[in-house]
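Counting begins at 1 with the first residue of the sequence. Counting convention: from 1, in listed order, for ligands and their atoms alike.
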Amino acid sequence: MKPEKFFIRLLEPGDEAVLNLLAEQDNLFDQDPSVPPSGALSVDGARSFLSDPSVLFWLAELGTEIMGFLHCYIQRHRTAGPWAELLLMEMGTRVDWRRRGVGRALLAAMEDWMHGRGVREVWVPANTYATPFYEKCGFAKDEGEILVRAVG
Ligand SMILES: CC(C)(COP(=O)(O)OP(=O)(O)OC[C@H]1O[C@@H](n2cnc3c(N)ncnc32)[C@H](O)[C@@H]1OP(=O)(O)O)[C@@H](O)C(=O)NCCC(=O)NCCS
């Protein structure tokens with residue numbers, strides 16, 4: 001029987017090992033778990049990532065078990081008004097933990113962070129599979145399209 005409890009925390013420098021543990025198994029957090037995992041950074045690379053002031057990385061965990069993660073970027077505004085917005089870059093709940101409130105709890109941690117810092121908007125380039133989840137959690141479709149270009 002799996003425990004129902006998990007804890008959410010914002011990673012910081014010093015958490016390189018757990019960031020890399022996730023990278024070694026992050027296919028289990030993907031829509032298609034049959035893809036290979038992304039693979040870990042070097043310890044220095046992980047420390048550099050976690051030291052980046054624009055990076056926000058929340059983990060849902062219990063002991064050494066990881067249930068979910070949420071990775072956002074702080075995007076500063078160049079104009080008057082709120083100083084920044086968040087880009088929700090990536091999130092995932094481990095495949096055997098889905099539909100048990102992990103994703104919603106990660107978003108609640110993000111919203112607490114936003115409330116405490118005067119950040120009022122978060123946006124996500126969502127995949128089709130996840131759109132109903134985001135809509136359930138209060139996100140709405142916006143105008144425009146997301147384009148991508150590979151260089152090199
Ligand atoms: C999308 C994802 C993060 C949702 O995480 P989760 O932990 O299963 O979500 P929760 O259990 O917190 O669900 C919150 C609500 O959304 C609903 N929901 C979750 N996934 C859903 C889906 N695929 N379709 C419709 N509703 C969904 C839940 O039923 C729940 O509704 P309720 O609170 O009214 O009962 C998870 O399915 C996942 O990791 N998918 C693969 C990776 C992915 O697509 N990430 C997003 C990339 S943009």
Distance, nearest 0.5 Å, that separates OG1 of Thr131 from NZ of Lys141: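 Output value for this atom pair is 6.0 Å.
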Nearest 0.5 angstrom please: Asp15 CG to Leu21 CG, how far?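 Here the rounded value is 11.5 Å.
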From CA spacing to verdict: side chain to side chain donor-acceptor pair (under 3.5 Å), Asp52, Ser54: CA-CA 5 Å; Asp52 184 334; Ser54 67; 2.7 Å; yes
Checking Val122 against Phe139 for the side chain to side chain contact (heavy atoms under 4.5 Å, CB included) test, could you report, in this order, the C-alpha distance in whole Å, the side-chain angles of both residues, the deciding distance, and whether it holds? CA-CA 9 Å; Val122 52; Phe139 285 70; 3.9 Å; yes
Would Glu90 and Phe29 satisfy side chain to side chain contact (heavy atoms under 4.5 Å, CB included), going step by step from the backbone distance to the final call? CA-CA 10 Å; Glu90 191 186 11; Phe29 298 72; over 6 Å; no
Looking only at protein heavy atoms, identify the closest one to [atom] and say how far it is in Å.
{"atom": "atom 12 (O) of ligand 1", "result": "Arg104 N, 2.8 Å"}
{"atom": "atom 3 (C) of ligand 1", "result": "Thr93 OG1, 3.9 Å"}
{"atom": "atom 29 (O) of ligand 1", "result": "Arg99 NH1, 3.4 Å"}
{"atom": "atom 48 (S) of ligand 1", "result": "Tyr134 OH, 3.5 Å"}
{"atom": "atom 31 (O) of ligand 1", "result": "Lys136 CD, 3.3 Å"}
{"atom": "atom 45 (N) of ligand 1", "result": "Met91 O, 2.9 Å"}
{"atom": "atom 40 (N) of ligand 1", "result": "Tyr129 CE2, 3.4 Å"}
{"atom": "atom 44 (O) of ligand 1", "result": "Asn127 ND2, 3.3 Å"}

Under 4.0 Å from a heavy atom of [X]: give me the atoms of ligand 1 that qualify, with their elements.
{"X": "Gly92", "answer": "39 (O)"}
{"X": "Gln31", "answer": "41 (C), 42 (C)"}
{"X": "Val102", "answer": "7 (O), 12 (O)"}
{"X": "Phe29", "answer": "39 (O), 41 (C), 42 (C)"}
{"X": "Gly101", "answer": "10 (P), 11 (O), 12 (O)"}

Check against side chain to side chain contact (heavy atoms under 4.5 Å, CB included), Val102 and Leu106: CA-CA 6 Å; Val102 174; Leu106 284 161; 4.0 Å; yes
Heavy-atom pair with the smallest gap, counting every atom of Ala46 and Leu19: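 Heavy-atom minimum between the residues: CB-CD2, 3.9 Å.
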hydrophobic_cluster_shared for Met114 and Trp83, side chain cutoff 4.5 Å: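 Yes: a chain of side-chain contacts under 4.5 Å links Trp83 to Met114.
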Polar contact flag for Ala130 and ligand 1 (N/O pairs, less than 3.5 Å):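 Such a contact does not occur with ligand 1.
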Considering both backbone and side-chain atoms of Gly103, is one of its nitrogen or oxygen atoms within less than 3.5 Å of a nitrogen or oxygen in ligand 1?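 Checking ligand 1 against Gly103, an N or O pair does fall under 3.5 Å apart.
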What orientation do Phe57 and His71 show, parallel under 30°, tilted 30 to 60°, or perpendicular over 60°?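 Because their plane-to-plane angle lies in the 30° to 60° range, the rings of Phe57 and His71 count as tilted.
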Asn27 (side chain) donor-acceptor with Ser34 (main chain) under 3.5 angstrom: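 No, because the side chain of Asn27 does not come within donor-acceptor range (under 3.5 Å) of the backbone of Ser34.
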Side chain to side chain contact (heavy atoms under 4.5 Å, CB included) for Leu87 and Trp123? Distances and angles first, verdict last. CA-CA 5 Å; Leu87 162 60; Trp123 61 281; 3.8 Å; yes
Between [X] and ligand 1, which residue portion shows a heavy-atom distance shorter than 4.0 Å: side chain, backbone, both, or neither?
{"X": "Leu88", "result": "neither"}
{"X": "Phe69", "result": "neither"}
{"X": "Arg100", "result": "backbone"}

